[in-house]
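Only one structure is covered here, and it is reproduced in the block below.
Proteins come first, then strands; the chains are lettered A, B, ... in the order of their sequence lines, and each starts at number 1. All values derive from a computational prediction rather than experimental measurement.
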Amino acid sequence: MRKMLAAVSRVLSGASQKPFAGSPPPRHLTVGRKLSSRYEVTFESAQASRVLVASRNFANDATFEIKKCDLHRLEEGPPVTTVLTREDGLKYYRMMQTVRRMELKADQLYKQKIIRGFCHLCDGQEACCVGLEAGINPTDHLITAYRAHGFTFTRGLSVREILAELTGRKGGCAKGKGGSMHMYAKNFYGGNGIVGAQVPLGAGIALACKYNGKDEVCLTLYGDGAANQGQIFEAYNMAALWKLPCIFICENNRYGMGTSVERAAASTDYYKRGDFIPGLRVDGMDILCVREATRFAAAYCRSGKGPILMELQTYRYHGHSMSDPGVSYRTREEIQEVRSKSDPIMLLKDRMVNSNLASVEELKEIDVEVRKEIEDAAQFATADPEPPLEELGYHIYSSDPPFEVRGANQWIKFKSVS
Amino acid sequence: MAAVSGLVSGLLKRRFHWTAPAALQVTVRDAINQGMDEELERDEKVFLLGEEVAQYDGAYKVSRGLWKKYGDKRIIDTPISEMGFAGIAVGAAMAGLRPICEFMTFNFSMQAIDQVINSAAKTYYMSGGLQPVPIVFRGPNGASAGVAAQHSQCFAAWYGHCPGLKVVSPWNSEDAKGLIKSAIRDNNPVVVLENELMYGVPFEFPPEAQSKDFLIPIGKAKIERQGTHITVVSHSRPVGHCLEAAAVLSKEGVECEVINMRTIRPMDMETIEASVMKTNHLVTVEGGWPQFGVGAEICARIMEGPAFNFLDAPAVRVTGADVPMPYAKILEDNSIPQVKDIIFAIKKTLNI
């Protein structure tokens with residue numbers, strides 16, 4: 001890659017009348033820092049990209065090396081290189097930045113007590129939700145646990161509806177009835193509060209996919225903490241027995257609440273825990289790695305071979321929830337190290353800038369747009385009224401005629417409408 | 001009676017190759033089987049899963065013949081993984097199928113109760129009306145014979161406690177068929193509490209019950225026997241005991257109105273209240289434990305409603321004994337409501 005850029009640079013420097021003059025390249029491009037994809041940045045290639053940027057001639061796509069996945073019961077894994085188009089790169093960048101800023105805004109609103117109760121944030125894990133979505137179709141299905149805001153967005157809901165649900169307003173995606181852990185969208189089954197319960201649910205959705213014969217798959221996510229739940233092993237057994245098109249995905253962010261993986265699991269090789277189910281361990285901070293692994297896993301399932309397991313190695317910057325400062329069981333240094341070396345948004349940005357898929361200014365513009373979108377959504381989420389009290393009894397049953405629901409005493413009655 | 005009127009209307013209709021349905025005797029087991037068979041045929045999204053439901057023809061033979069007819073796709077034998085397969089069933093329902101999830105007995109549903117309550121019952125509400133869960137959980141509930149404490153619990157009160165669930169409790173064959181069909185067609189999670197001791201009991205099947213569209217509405221009780229002196233409310237197998245008690249008391253000049261609840265949730269209080277306002281006396285009869293039971297709920301609601309002022313005596317409950325079910329026959333017999341216990345309670349209430 002470096003050689004190619006250098007060559008292009010030589011050609012262009014020769015061709016252009018005015019070599020790029022002006023301020024030196026940004027400092028971060030000159031620091032010879034090692035990225036997780038082992039793609040090294042040097043001054044020379046940085047200079048080359050600046051020349052190309054100045055002429056506003058972006059590459060259409062670029063090829064990247066990605067980390068090889070550890071495999072369990074698989075002869076071959078996902079490819080170790082992938083092509084990223086400029087269009088996709090910009091899309092992924094915008095999506096990840098949106099999730100990031102949305103989560104940070106939720107943090108802010110929680111501290112202002114505008115969001116109450118549970119709030120589990122996924123900043124740091126953006127490559128997982130965006131990368132998974134990039135590897136499947138909108139007609140595929142996805143279910144996860146309570147760290148769900150990112151997935152709610154990538155599955156198609158707007159930041160507005162998500163934040164308004166967090167603030168418990170009628171404009172929320174569940175009309176304020178569900179809150180942080182109970183958001184639903186088309187082909188997105190939440191948002192589930194009971195640790196591990198979503199895994200059999202996901203296997204059931206996969207059963208429906210197979211039953212309907214439409215080549216759809218179900219991504220069934222759980223965390224490193226949930227991975228020790230018995231019902232997950234029951235789901236593994238049935239999914240394998242019946243060859244359900246279920247991709248079990250363990251989002252391993254190293255901590256189940258305050259308990260590190262070493263203190264919770266006799267085997268921390270989560271990708272192997274499916275035993276008879278083939279598995280792969282994926283760099284969950286690299287969106288391209290996640291995307292390729294997902295494409296691989298989806299193809300495996302669609303071919304009728306049965307379930308497959310993916311472990312995404314990732315990290316959350318926040319504590320388990322907003323009630324957890326997140327530093328009693330891990331060091332600030334550890335958090336800072338991940339932030340500076342493996343931040344998924346930074347990794348994508350560097351790749352794109354260094355291979356001339358985008359300019360720093362362009363990405364900064366996206367940042368500004370995203371901030372505005374989040375700000376507007378937060379405004380809405382704060383100003384929208386709470387759901388009307390009259391609707392307290394609504395949505396007990398589906399497709400039923402209206403009936404009465406008892407309130408706090410026998411004289412208080414609420415109407416229930418489907 | 002039903003057969004005669006059937007014959008008459010048959011003659012009046014004068015169709016070719018049509019004879020009036022004779023008084024048909026159908027066991028509760030066959031009624032449930034028929035109900036499921038008809039719904040499986042009617043809607044290809046309906047399927048049955050559970051332990052031994054397919055190749056074994058059902059642990060209690062309730063699903064006999066269904067696997068032969070519908071095959072592996074629609075009748076699924078599961079491993080012994082209640083929490084897992086109940087969750088799978090709920091997930092399939094969320095994705096648009098219409099599963100019937102059988103628990104070999106409802107005692108085993110405790111392993112899966114999180115999926116029934118948190119994943120099925122509450123989801124439509126939590127999602128603000130976006131995600132329905134059209135699932136049926138069915139199986140035998142309550143006391144059997146000699147199966148002791150871990151296999152004899154009645155779950156009517158536990159499931160009846162939860163908003164978002166519908167809970168039905170059939171007594172006879174007609175109930176069983178009509179309610180299972182309504183449950184399958186309902187777009188909500190429905191718990192169907194059957195009774196193992198009733199499976200083999202035959203009942204007369206009225207002509208309308210022989211139709212493929214025979215449905216019993218969920219949420220409506222049935223007055224099995226009209227009476228004037230006292231209202232006796234029950235569900236499931238004890239309904240039969242109440243009718244026996246009523247027959248005995250009738251000879252002594254006491255006419256009991258026996259109500260078969262059919263549905264635990266939503267409870268048909270109107271029928272119960274109207275009856276109590278007529279008879280001025282109430283006895284509830286159930287197989288489950290007394291504390292926080294079905295009878296306790298009925299009594300509480302009677303106090304809150306118009307019927308309270310019509311009571312001439314406190315409402316009385318007849319329930320299972322407040323003990324884990326013992327094994328020895330004499331102990332077991334005295335741990336569930338017997339006919340003599342119901343008669344005693346009725347006479348006490350009437351002060352006779």
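Between chain B and the options A:H141, A:H395, A:E234, A:Q410, the largest number of non-hydrogen pairs under 4.5 Å is found for A:H395. Counting heavy-atom pairs under 4.5 Å between each of A:A197, A:G190, A:A206 and chain B puts A:A197 at the top. No other option in A:N187, A:N192, A:D400, A:I143 has as many heavy-atom pairs under 4.5 Å with chain B as A:D400. Interface summary for chain B: among A:G179, A:G172, A:P200, the most heavy-atom pairs under 4.5 angstrom belong to A:P200.
Of the atoms belonging to B:I76, it is side-chain heavy atoms, and not backbone ones, that fall under 4.5 Å from chain A. Looking at A:L241, the atoms closer than 4.5 Å to chain B (heavy atoms on both sides) all sit in the side chain, from C-beta outward. Heavy atoms closer than 4.5 Å to chain B are found in the backbone of A:C173, but not in its side chain. Heavy atoms closer than 4.5 Å to chain A are found in the backbone of B:K45, but not in its side chain.
Taking all atoms of both residues into account, the shortest heavy-atom contact from B:Y124 to A:S418 is OH-O, 2.6 Å. In terms of heavy atoms, B:M94 sits closest to A:Y189 at O-CE2, 3.6 Å. A pairwise comparison of heavy atoms in A:I396 and B:G164 identifies CG2-N, 3.6 Å as the closest pair. Nearest heavy-atom pair, B:A92 versus A:L207, reported as atom, atom and distance to 0.1 Å: CB-CD2, 4.5 Å. Here the shortest heavy-atom pairing between A:S399 and B:N187 reads OG-ND2, 2.7 Å.
Annotation: side chain of B:P79 is in contact with side chain of A:M238 (closest heavy-atom distance under 4.5 Å). By the 4.5 Å heavy-atom criterion applied to side chains, B:I88 and A:W242 are counted as neighbours.
Counted within 6.0 Å of CZ on A:R302, heavy atoms from surrounding residues, nucleotides or ligands total more than 12; the atom is thus considered enclosed. More than 12 heavy atoms of other shown residues, nucleotides or ligands fall within 6.0 angstrom of atom NZ in A:K305. In this structure, B:K69 places its NZ atom where more than 12 heavy-atom neighbours from other residues, nucleotides or ligands lie under 6.0 Å away. Environment of OH in B:Y56: sparse, with no more than 12 heavy atoms of neighbouring residues, nucleotides or ligands closer than 6.0 Å. The number of heavy atoms from other shown groups lying within 6.0 Å of CZ (A:F118) does not exceed 12. The number of heavy atoms from other shown groups lying within 6.0 Å of CZ (A:F414) is above 12. Around the NZ atom of B:K212, the shell of radius 6.0 Å holds no more than 12 heavy atoms that belong to other residues, nucleotides or ligands. For B:F292, the CZ atom is loosely surrounded, since the number of other residues' heavy atoms within 6.0 Å does not exceed 12.
Under a 3.5 Å cut-off, the side chain of A:Y397 and the backbone N or O of B:P163 do not form any donor-acceptor pair. A donor-acceptor contact shorter than 3.5 Å links the side chain of A:K175 to the backbone of B:G128. Looking only at distances, a side-chain donor or acceptor of B:N188 sits under 3.5 Å from a matching main-chain atom of A:S398.
In this structure, CD in B:E44 is found 8.5 Å from CG in A:N212, a value given to the nearest 0.5 Å. Rounded to the nearest 0.5 Å, atoms CE (B:M83) and CD (A:Q229) are 5.5 Å apart. To the nearest 0.5 Å, the span separating NZ on A:K177 from CE on B:M126 amounts to 11.5 Å.
Against chain A, the residues from residues 110-119 of chain B that qualify, each with a non-hydrogen atom under 4.5 angstrom away, are B:D114, B:Q115, B:N118, B:S119 in number order. Heavy-atom neighbours of chain A within the stretch residues 264-273 of chain B, taken at a separation under 4.5 angstrom, comprise B:R265, B:P266. Inspection of non-hydrogen atoms places A:L392 of residues 383-392 of chain A under 4.5 Å from chain B.
Pairs passing the side chain to side chain donor-acceptor pair (under 3.5 Å) check and including a residue from residues 73-83 of chain B, sequence neighbours excluded, read A:Y211-B:R74.
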